Amino acid sequence: MTSETIVAGHGGQGVLELANWLAYFHLLRGRHVAYTPSYGPETRGGKVKCYVVASEDPIDSPIVEAPDLLIAMNLPSMDYVPLLRPGGTLLVNSSLVRDGPGRTDVTVERVPAVELASGLGRYVPEGGRDPSIAANSVMLGAALGLAREGPARTRATVEEVFRHYLTDRKAAYLPLNLNAVDAGFAFVVRSLLPA
Amino acid sequence: MSDVREFLKGNEALAYGALRTGLNAYFAYPITPSSEIPETLATEFARSTFPDFRTFLQAASELEAINMVIGAAATGAKAMTATSGPGFSLKQEGLSYAAGMELPLLVVDVNRAGPGLGNLGPEQTDYFQATRGGGHGGYPTLVLAPSSVPEMASFPALGFDLAFAYRTPVILLADAFLGQLKEDLVFPDVPSPSYDVAWAATGARGEARHVLSSLHLELADQSRHSRHLLDKRTRIAQREQRAEEVGTEDAEIVFVAYGICARLARRAVRILRSRSIRAGLLRPITLAPFPERRVRQLIEQGRRKFLVVELNAGQMVDDVRLAAGGAANVELLGEMGGLLPSSLDLVRAAEAMAR
Amino acid sequence: MTAAAELYEPKLGALPTLTGTPTHYCAGCEHGTLTRLIAKAIDELGVRERTVMVSSVGCSVLAHEYLNVDAVQAPHGRAPAVMAGIKRVRPDLLTFAVQGDGDAVSIGLLELLNAANRGEPITVFLVNNAIYGMTGGQMAPTTPSGMVTTTTPAGRDPVTTGPPIDATRLVAAFESPAYVKRVFLPILPTPSPRVFNARGALEGAKAVRHAFEVQQRGGFAFVEFVSTCSVNWKLGILEAKRYAAEVLRPLFPPGLYRDRFAVEGR
Ligand SMILES: Cc1ncc(C[n+]2csc(CCOP(=O)(O)OP(=O)(O)O)c2C)c(N)n1
Ligand code: SF4
Ligand SMILES: [Mg+2]
């Protein structure tokens, strides 16, 4: 099984981190991973677009041309919706994007990432930044919710991801980010329940 | 350490690969998209984690850097520099001198786009400069082309092995995509080799002097030396052609691609085979010597169609055509400017050729 | 090309650090003098087996044929970088280069000044003959204004080519160099026809030794030798010496410009 994801947004939204964390999550679950940060001509005008490929088998190409999942952090990211594989999923930051995908052969999950993160002020360290910076972790949680690998295993692995990357000064933000992942995960799992 | 799966950028993996094979000295001038190499090495140098790593120095220019590498290499040290196109141009002078003096050293070029300043996207436009030898005078070249992050990590060891075996500079030609790409990898747990450096200039004991010079004022001397270098080039060409192949046994069409393009071609092979077109891939690992023997053998075995995919206006395609000698149809799919062709571009071009 | 020429015969004499190979230097050239001074200093310090010289590009390009030590060839102007590379991995070695003014002050100025600024423990001997000797007498960065060369047939015009560059003061402008010295090397005629003033060579001998000692103590050492190139100046050997004394010496005043380790005493 190979999963291919595009994560897109603009500079300052933590898009690179989100994509990197997602890739490392898969690595910790024993998969081969390839993560391509924005590079070269793609990075003009603050646009950020990353590829994440995860697979049980060695990965042929790290370039994502027809993603199973598009994580759209802002409106310009919706430009990549036409790339989505039929049956793929659009995970959209509904705090910033109101538009629909304009196609019917994909599943849409709308996650108010900024609002969900903003409600987590109590996990921000003394004198720290606005909790909305954890919107990317909310989206990570949402993406992992869609992957349905079970809440307990998912959480344990996410903790390991954060312990790897949130070190030194960033360590103080571990509780905020973990809770943001939980919030995104719960939001998606709830919405996936039959009404 | 051998079971630890790491997750590193190509540039970082290359730096660690070099350290693990016993790198002694690194000198370079910063340039995107290769900067993670000096940044990683500077960090590890400050931490003193690798006892063999004696020197890290940011030079004042690529000229200074390559000449520092020459000085260190002349003492028998494992010395390396890394750069991208604009800096690679400046290193050509040093490469010519190093090859003339028969010094083993490693130069990494993380190829970016365009002549002049261009941009930071990937290209493979330094192929000619690397494989033909962009410096003056004529000398053997040895160019390795990694195609994945694990190879970015393992090729410094291969590069030093070859550099010391033949006493000649080795170029590791990567591209901006591979430099930035992160993949999982496991570092092999192999001890760093030590090489025979009896030729090194470390002081004359008794009458045995070590004079490393490329100056041969007597025409006959220079002629002898040039012939010696030519012999070396021939030996390298005979022994060191390396390539990886996918599905070439029965292929009706064979992609020839290296670096990031080989990754696209792998995918294209898979798609084409799912569409009942027997595609294959010949991936040169050594660009110099070019694996022309394999091209000829494949033609002898009945392969008649080759589609070269590269990020330039057609450079490696010349080598494929030379090897084919008119006995096969060799076409080019080139892209430039930092853009990549899509795997579907490859599929369509292959389908058109297969027809 | 008579009496004085014999003082500068191509044979440098016998010293352990001299190979005995006859030099290609023109009669009367200070390149020959300096080669001998270097050999003598290496012998006196007993460092021949730890020395790796770097050959630069200019009339000194073949110096390793005369000096019986290990050698590495640098591209034109890059000798300080090659030396830095050697010393960074092998601080126990002694390394030096004899650079011309074109080599060090024109094409290799970046390498010279950056090595100086980093205080690399290396030794640079600059032979300032105010011209490109090896390539046949073109303008050098040190050529005095008004001097006729093959590329300044009407004399060097400082308006279009800039005034001559003072390398010693440039190097001394940095804080890091430990030893910066300028020596006027040519012998000078005296009123008595068979007697010459060889003070320059004596001073030069001391300066070479000091420069090596400074390197052994971890410092960057730079010695500029104001020299002649009678062939390309198109003067007789003695005329060239006089010209050097009259025109070059005031332009490039000899002296001690830096002595951080006080190797010359207080
Ligand atoms: C890159 C390069 N450019 C030019 C030359 C030709 N060249 C050789 S020596 C030299 C200048 C020599 O003058 P200088 O450095 O003053 O040394 P001198 O012979 O006067 O001692 C030049 C221009 C060269 N060898 N390499
Ligand atoms: S050309 Fe000038 S510098 Fe060169 S050896 Fe002759 S006199 Fe000396
Ligand atoms: Mg000169």
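So that the names make sense, note that chain A is the first sequence line, chain B the second, and so on, each numbered from 1. On a predicted model such as this, the values are computed, not experimentally measured, just so you know.
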If you count the non-hydrogen atoms of other residues, nucleotides and ligands that lie under 6.0 Å from [atom1] in [X], is the total more than 12?
X         : atom1 : value
Tyr29(B)  : OH    : no
Lys232(B) : NZ    : yes
Arg169(C) : CZ    : no

Could you state the interatomic distance from [atom1] ([X]) to [atom2] ([Y]), rounded to the nearest 0.5 Å?
X         : Y         : atom1 : atom2 : result
Arg205(B) : Arg50(C)  : CZ    : CZ    : 9.5 Å
Gln58(B)  : Arg118(C) : CD    : CZ    : 10.0 Å
Asn114(C) : Leu57(B)  : CG    : CG    : 10.0 Å
Tyr26(B)  : Arg88(C)  : OH    : CZ    : 15.0 Å

Quiz item: Looking only at heavy atoms, which two atoms of Gly71(B) and Ile86(C) are closest? And how far apart?
Solution: O-CG1, 3.2 Å
Quiz item: Looking at Ser213(B) and Gln73(C), what are the two nearest heavy atoms and their distance?
Solution: OG-OE1, 3.5 Å
Exercise. Check whether any side-chain heavy atom of Tyr97(B) lies under 4.5 Å from a side-chain heavy atom of Arg78(C), and answer yes or no.
Key: no
Quiz item: Is there side-chain contact between Leu215(B) and Val57(C), with at least one heavy-atom pair below 4.5 Å?
Solution: no
Under 4.5 Å, counting heavy-atom pairs only, tell me which of [options] racks up the most with chain B.
options                                 : value
Val47(C), Val54(C), Leu113(C), Leu62(C) : Leu62(C)
Ala81(C), Pro75(C), Ala71(C)            : Pro75(C)
Arg90(C), Glu65(C), His76(C)            : Arg90(C)

Quick one: what part of [X] sits under 4.5 Å from any heavy atom of chain B, side chain, backbone, both or neither?
X        : answer
Leu67(C) : backbone
Thr51(C) : backbone
Val61(C) : both

Quiz item: Short question: side chain of Asp70(C), backbone of Thr202(B) - any donor-acceptor pair under 3.5 Å?
Solution: yes
Exercise. May I ask you to decide if Val89(C)'s main-chain N or O and Arg54(B)'s side chain share a donor-acceptor pair within less than 3.5 Å?
Key: yes
Quiz item: Under a 4.5 Å heavy-atom cutoff, which of Thr75(B), Leu217(B), Leu103(B) has the most pairs with chain C?
Solution: Thr75(B)
Got a list of side-chain donor-acceptor pairs under 3.5 Å for residues 93-100 of chain C, not counting sequence neighbours?
from: Thr95(C); atom 1: OG1; to: Val52(C); atom 2: O; distance (Å): 2.7
from: Gln99(C); atom 1: NE2; to: Asp103(C); atom 2: OD2; distance (Å): 2.7

With a 4.5 angstrom heavy-atom cut-off, which part of [X] approaches chain C: side chain, backbone, both or neither?
X        : answer
Ala79(B) : neither
Ala60(B) : both
Val69(B) : neither

Self-check item: Basic-acidic side-chain contact under 4.0 Å: Glu49(C), Arg209(B)
Solution: no
